[in-house]
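Every number for a ligand or one of its atoms is a count from 1 in the order of the listing.
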Amino acid sequence: MTNDDFAAIAGVVRRRSGIVLTSDKAYLLETRLGPVLTKFALVSLAALGQRLRHQTEEALERSVVEALTTHESSFFRDGKPFDHLARNLPRLLASRTPGKPLRIWSAACSTGQEPYSIAMLVADAVAGRMDSRVEILATDISAEILQKARQGVFTQFEVQRGLPIRSLVKYFRQDGTKWKILPEIASLVRFEERNLLKDFSGVGQFEGIFCRNVLIYFDAATKACVLEALARRLAPNGVLYLGGAETVLGLTEKLVPVQGERGAYAVAAQRAAA
Ligand SMILES: C[S@@+](CC[C@H](N)C(=O)[O-])C[C@H]1O[C@@H](n2cnc3c(N)ncnc32)[C@H](O)[C@@H]1O
């Protein structure tokens, strides 16, 4: 594979998803693109690079991006944002406008552990009175990963990562060697394919937005654009949760850290007052 081939592949990934692949990530191409080469009858990464340079093919480009996105996730990942949401849910539920649901968005939801963790907190907060007061929107750029997320089926290894045994017993049923989330928890979550670079239409406003461990893959300009778009979707009393290695600082003034809460951000005062 030449530098031009690498640039053609990385260029497609960046244009479609915002993810920046630097040349030290060339090994990722070697390890992850094998199935794409087979599927599209390409003999090598060089052949793939050449084809991407010379024609735009939706299905091929989509497969390349799917293969090169990282879908690592776990239940209640990093703990703190979920603790913060759990503490705030009673207040948010009490202060919602009558007739309007409380809305929470998991904006790069991967295999579903994040939105299902939120749904379990909601179920705890409403103490079993499951009604339509809370909507959880879970979105991701990857159609394949959303298919897995919608199934709500997790391996023993996956449920052992971060899920308290109490929640496993309460909110899952065993299905052979796997665990399936209960339908009443799953029904709180609506999955949709959306790209953070462009698909914000009709998404509405949210009291909570989880956008975690995805901005790290973007360049500064893309991070700033996405953060400003998210700030516009945050209700005045809403909170944006970012991943442990992510921040708004130096990227936008529309969001400010929530005092004493690592990874939590609120709309800046002038916007909230506006
Ligand atoms: C590392 S996972 C993070 C999952 C979860 N938020 C967490 O913290 O555990 C990153 C996810 O971001 C998604 N992603 C990457 N680029 C995206 C984009 N432009 N729009 C929406 N999702 C994107 C990937 O498909 C992947 O599922």
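For R32 and E66, the salt-bridge test fails: no basic side-chain N is under 4.0 Å from an acidic carboxylate O.
Ring centroids of F76 and F210 are separated by 6.0 Å or more, keeping the two rings apart. Checked against the 6.0 Å centroid threshold, F75 and F172 count as a close aromatic pair.
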Anything under 3.5 Å between an N or O on ligand 1 and a protein N or O? List each pair with its distance, or write none.
from: ligand 1; atom 1: 6 (N); to: A108; atom 2: O; distance (Å): 2.8
from: ligand 1; atom 1: 6 (N); to: E114; atom 2: OE2; distance (Å): 3.2
from: ligand 1; atom 1: 6 (N); to: R212; atom 2: O; distance (Å): 2.9
from: ligand 1; atom 1: 8 (O); to: R77; atom 2: NH1; distance (Å): 3.3
from: ligand 1; atom 1: 8 (O); to: R212; atom 2: O; distance (Å): 3.2
from: ligand 1; atom 1: 8 (O); to: N213; atom 2: ND2; distance (Å): 2.7
from: ligand 1; atom 1: 9 (O); to: S73; atom 2: OG; distance (Å): 2.6
from: ligand 1; atom 1: 9 (O); to: R77; atom 2: NH1; distance (Å): 2.8
from: ligand 1; atom 1: 19 (N); to: S17; atom 2: O; distance (Å): 2.8
from: ligand 1; atom 1: 19 (N); to: N195; atom 2: OD1; distance (Å): 2.9
from: ligand 1; atom 1: 20 (N); to: L196; atom 2: N; distance (Å): 2.8
from: ligand 1; atom 1: 22 (N); to: I141; atom 2: N; distance (Å): 3.3
from: ligand 1; atom 1: 25 (O); to: H71; atom 2: ND1; distance (Å): 3.4
from: ligand 1; atom 1: 25 (O); to: D140; atom 2: OD1; distance (Å): 2.6
from: ligand 1; atom 1: 27 (O); to: H71; atom 2: ND1; distance (Å): 2.9
from: ligand 1; atom 1: 27 (O); to: D140; atom 2: OD1; distance (Å): 3.4
from: ligand 1; atom 1: 27 (O); to: D140; atom 2: OD2; distance (Å): 2.7

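Applying the side-chain contact (heavy atoms from CB on, under 4.5 Å) rule to D83 yields the partners R87; only residues at least two apart in sequence or on another chain are considered.
No continuous path of ILVMFWY side-chain contacts below 4.5 Å connects V256 to L234, so the two sit in separate hydrophobic clusters.
Using modelled atom types, one side-chain atom of K148 and one backbone atom of V153 make a donor-acceptor pair closer than 3.5 Å.
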